[in-house]
Amino acid sequence: MVLNNLVNVRHHPTNVRRKKPDSTVKQLEISNPVSYFLLNGRSKRYTVQEAKQLHSYFIKLKSDSNMYLVNSIIHTYAANGDLNTAHRLFDRVIDRDVVSWTTLIDGYAKIGNMGVAQQLFDSMPERNLVSWNVLISGFGKCGDVKAAKKAFDQMIERDIVSWNSLISSYARNGFAKEAFEVFCDALVENLVTPNKVMFLSVLPAIAESGCAFWGRCVHSFILRSGIEVDSVLCSALVDMYSKCDDLDMAFQVFESNPFRGNVASWNPMLSGLVRNQRFEEALELFRWMQFENVESDYVTMVAILPAIADSGALSLGKWAHSYIQKMNIRMNATLGSALVDMYAKCGCIELALDVFAVVEGKTTELWNAMITGLAIHGCGRDALKLFSQMQIENLEIDDLTVSAILNACSHSGFVDDGLRFFSNIKDVYKMTPKIQHYGCIVDILGRAGRLEEAKDIICNKMSIKPDIIIWKSLLGACRTHGNVEIGEFAAKHLFELCPNDSSSYVLMSSIYEAAGRSNEAVLMRKKMIEGGVKKEPGFSSIESGGVVHKFLVGDKAHPRAEEIYTMLDDIREKLKSRGYQPNKQLVFFDLHDDEKEDAIFHHSEKLATAFGLINSNRGDPLRIVKNLRMCSDCHVFMKLVSEIYNHEIVVRDHNRFHHFVNGKCSCMDYW
DNA sequence: CTAGGGTTAG
């Protein structure tokens with residue numbers, strides 16, 4: 001095949017990596033710029049200042065005979081985005097050559113002006129490989145993959161840069177399959193010898209496809225090809241593996257990275273862990289990164305903040321925020337949203353509002369984060385106010401905005417607002433309610449005790465098949481309002497949809513128990529145990545001195561366990577003298593009465609509270625994060641402790657925040 | 001002297 005010979009460019013001289021510009025440039029001596037240029041060799045790139053000095057020297061001399069030098073100046077202007085000056089100089093030069101043209105075209109391509117780039121390309125007297133390659137990569141960067149492919153097809157001679165440019169055009173514009181196909185074509189037909197850049201171009205495409213099989217193939221191909229797996233390639237591999245959900249391989253490659261001094265080696269691993277909800281490991285990695293003195297950047301912060309938010313580690317979150325300010329990390333809506341979310345989830349709604357206020361260029365995402373934050377704190381009125389403001393400022397409303405508003409209504413008990421807003425989804429906002437929106441409205445009605453209406457929505461008003469979350473929220477409402485009949489109905493569906501989920505058995509059992517139907521409660525527990533269904537372990541964590549302390553039920557693993565249990569006994573005595581009785585109905589297992597009382601009293605959030613009381617500064621509220629919903633006994637417990645010990649307690653459970661002050665909870669016992 | 005590459009995104 002003729003084409004084969006033409007494009008086989010193994011020995012093409014342009015296939016050699018050029019040197020990066022030297023940043024330690026001495027000040028140019030105006031008196032003799034040409035000798036400076038000759039002394040420093042040809043492949044030098046200049047700063048804008050140097051280019052300007054050279055430029056004015058040439059204007060003075062009315063000479064531009066040295067094309068190497070002139071092209072360098074054009075390049076410097078173009079590469080810095082000053083296309084006006086670059087183009088003016090280009091126009092003035094009489095002996096301009098193919099490099100001058102190509103340099104200018106590349107400049108226009110880099111600022112996204114492919115119209116002018118194409119015009120210039122069409123009017124060039126002669127073109128070489130580089131001119132075509134510049135065009136392809138230019139189209140790729142502007143998102144015009146069709147044009148990139150067309151240019152590629154028109155070439156009569158291609159080198160590895162042409163192939164790589166086409167692959168990355170596809171890869172960076174969401175055409176993962178096409179990128180991988182071009183990569184395979186090139187290799188199968190033996191048209192090029194792959195190099196590092198080729199792998200770096202195709203790996204993001206595989207990452208996007210999420211196909212671990214392709215990923216492993218390419219990885220082993222890299223290893224067999226003998227290409228040095230340097231830090232940059234490691235980062236790409238880590239990112240690929242983490243996006244293909246193979247965190248173990250990602251970590252293995254991360255560990256094998258020969259140089260981890262650059263933040264870009266850490267970011268893919270960090271965001272991979274966070275994307276896969278492995279927040280504790282992400283925080284651990286982040287600590288390791290601090291230990292290795294690697295400076296965080298914008299990407300690190302966007303990645304780590306959700307992990308901080310999840311753990312509720314407020315002091316770490318505050319540290320991250322001040323780091324952002326100290327290091328002048330650019331603040332935009334994305335980072336702002338991450339900060340707002342973090343502060344809200346760490347229990348500091350005021351600080352979240354502070355961040356929200358100062359972010360410029362507020363996006364829907366940012367408003368959503370703020371409204372959701374207010375919702376989980378039970379600040380329903382403020383959430384609705386913010387929503388009106390959002391509409392006044394003409395921001396687009398999306399699915400998350402709708403969920404946020406419905407959540408706000410739910411947590412604050414605004415049933416009428418919630419119903420009105422729900423009907424507005426279709427009528428006013430012209431959106432189709434999503435499954436999560438039906439979930440919210442069922443929740444709103446259910447909490448208000450309007451169980452028949454909630455059931456009616458599920459059975460008759462939804463065009464979508466109800467999911468587990470919806471049935472659970474109905475079942476939860478039946479538990480709150482003691483409705484056995486509808487509870488059984490919801491449980492029946494849950495047992496079909498998720499027979500291995502413990503919460504339906506637990507809830508149904510306690511509904512029977514509360515209705516005085518102990519026999520059926522016991523049967524329910526039996527059914528669960530015989531089915532081999534395990535209860536999801538509840539845990540609570542509390543941050544102290546930058547460390548997150550985690551407690552399970554009846555946990556004795558903490559180094560200060562003895563003090564904690566002594567404190568807990570002390571609390572129990574004080575509470576009992578105030579008439580507190582543990583609610584033993586809540587104990588799921590068939591234990592002796594005393595054991596039941598202990599089991600209740602050693603709930604993880606109570607352990608965390610005891611630890612917090614012996615460990616925290618008087619003024620600071622205790623901030624506890626619980627992975628499941630808080631039980632009603634713990635809720636009573638917290639209210640009393642906040643009063644007796646005169647200590648504010650903030651608990652984040654699976655659903656929302658509870659601020660306990662002086663014997664009262666911000667949720668008004670409505671959760 | 002000109003061309004291709006890695007990290008974030010409710």
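In this text, all values refer to a predicted model and were calculated from it rather than measured experimentally. As a basis for the values below, the full set of heavy atoms in this structure was taken, side chains included, without hydrogen atoms, waters or symmetry mates.
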Closest listed nucleotide, where the reference is the side chain of [X] and the choices are [options]:
{"X": "A/Val299", "options": "B/dG6, B/dT8, B/dG10", "value": "B/dT8"}
{"X": "A/Val232", "options": "B/dG6, B/dA3, B/dG4", "value": "B/dG6"}
{"X": "A/Asp398", "options": "B/dA9, B/dG10, B/dT7", "value": "B/dG10"}
{"X": "A/Leu400", "options": "B/dG4, B/dG6, B/dG10", "value": "B/dG10"}
{"X": "A/Thr103", "options": "B/dT7, B/dG10, B/dT2", "value": "B/dT2"}
{"X": "A/Glu365", "options": "B/dA3, B/dT7, B/dG10", "value": "B/dG10"}
{"X": "A/Asp97", "options": "B/dT2, B/dC1, B/dT7", "value": "B/dC1"}

Query raised in the report: Side chain of A/Ser235, base of B/dG6: donor and acceptor closer than 3.5 Å?
Result: yes

Please classify the nucleic acid contact of [X] as base, sugar-phosphate, or nothing, using heavy-atom distances under 4.0 Å.
{"X": "A/Val134", "value": "sugar-phosphate"}
{"X": "A/Ser337", "value": "nothing"}
{"X": "A/Lys141", "value": "sugar-phosphate"}
{"X": "A/Ser231", "value": "base"}
{"X": "A/Arg127", "value": "nothing"}
{"X": "A/Asn368", "value": "base"}

Counting only side-chain nitrogens and oxygens, does [X] get under 4.0 Å of the OP1 or OP2 atom of [N]?
{"X": "A/Ser271", "N": "B/dT8", "result": "yes"}
{"X": "A/Lys243", "N": "B/dG6", "result": "no"}
{"X": "A/Lys196", "N": "B/dG6", "result": "no"}

Query raised in the report: Residues in ring pair (Phe, Tyr, Trp, His ring centres under 6.0 Å) with A/Phe279, at least two apart?
Result: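 A/Phe279 satisfies ring pair (Phe, Tyr, Trp, His ring centres under 6.0 Å) with no other residue.
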
Give the rounded distance in Å between these two atoms: [atom1] of [X] and [atom2] of [N].
{"X": "A/Asp106", "N": "B/dA3", "atom1": "CG", "atom2": "C1'", "result": "7 Å"}
{"X": "A/His219", "N": "B/dG6", "atom1": "NE2", "atom2": "P", "result": "17 Å"}
{"X": "A/Arg330", "N": "B/dA9", "atom1": "CZ", "atom2": "P", "result": "13 Å"}
{"X": "A/Ile73", "N": "B/dC1", "atom1": "CD1", "atom2": "C1'", "result": "11 Å"}
{"X": "A/Asn128", "N": "B/dA3", "atom1": "CG", "atom2": "C1'", "result": "9 Å"}
{"X": "A/Asn195", "N": "B/dG4", "atom1": "CG", "atom2": "P", "result": "13 Å"}
{"X": "A/Phe254", "N": "B/dG6", "atom1": "CZ", "atom2": "C1'", "result": "14 Å"}
{"X": "A/Trp163", "N": "B/dG4", "atom1": "CH2", "atom2": "P", "result": "18 Å"}

Tell me which donor-acceptor pairs under 3.5 Å the side chains of residues 123-130 of chain A have, and how far apart each pair is, sequence neighbours excluded?
| from | atom 1 | to | atom 2 | distance (Å) |
| --- | --- | --- | --- | --- |
| A/Ser123 | OG | A/Gln119 | O | 2.8 |
| A/Ser123 | OG | A/Leu120 | O | 3.3 |
| A/Arg127 | NE | A/Phe121 | O | 3.0 |
| A/Arg127 | NH2 | A/Phe121 | O | 3.0 |
| A/Arg127 | NH2 | A/Asp122 | O | 3.3 |
| A/Asn128 | OD1 | A/Val130 | N | 3.1 |
| A/Asn128 | OD1 | A/Ser131 | N | 2.9 |
| A/Asn128 | OD1 | A/Ser131 | OG | 2.8 |

Requested in this report: Check whether any side-chain N or O of A/Asn276 sits under 3.5 Å from a backbone N or O of A/Gly272 as a donor-acceptor pair, and report yes or no.
Outcome: yes

Query raised in the report: A/Asp341 side chain to A/Ser337 main-chain N or O, any donor-acceptor pair under 3.5 Å?
Result: no

Report task. Answer yes if the side chains of A/Ser410 and A/Asp443 hold a donor-acceptor pair under 3.5 Å, and no otherwise. Result -> yes

Query - Aromatic ring proximity A/Tyr108/A/His87, centre distance under 6.0 Å - result: yes

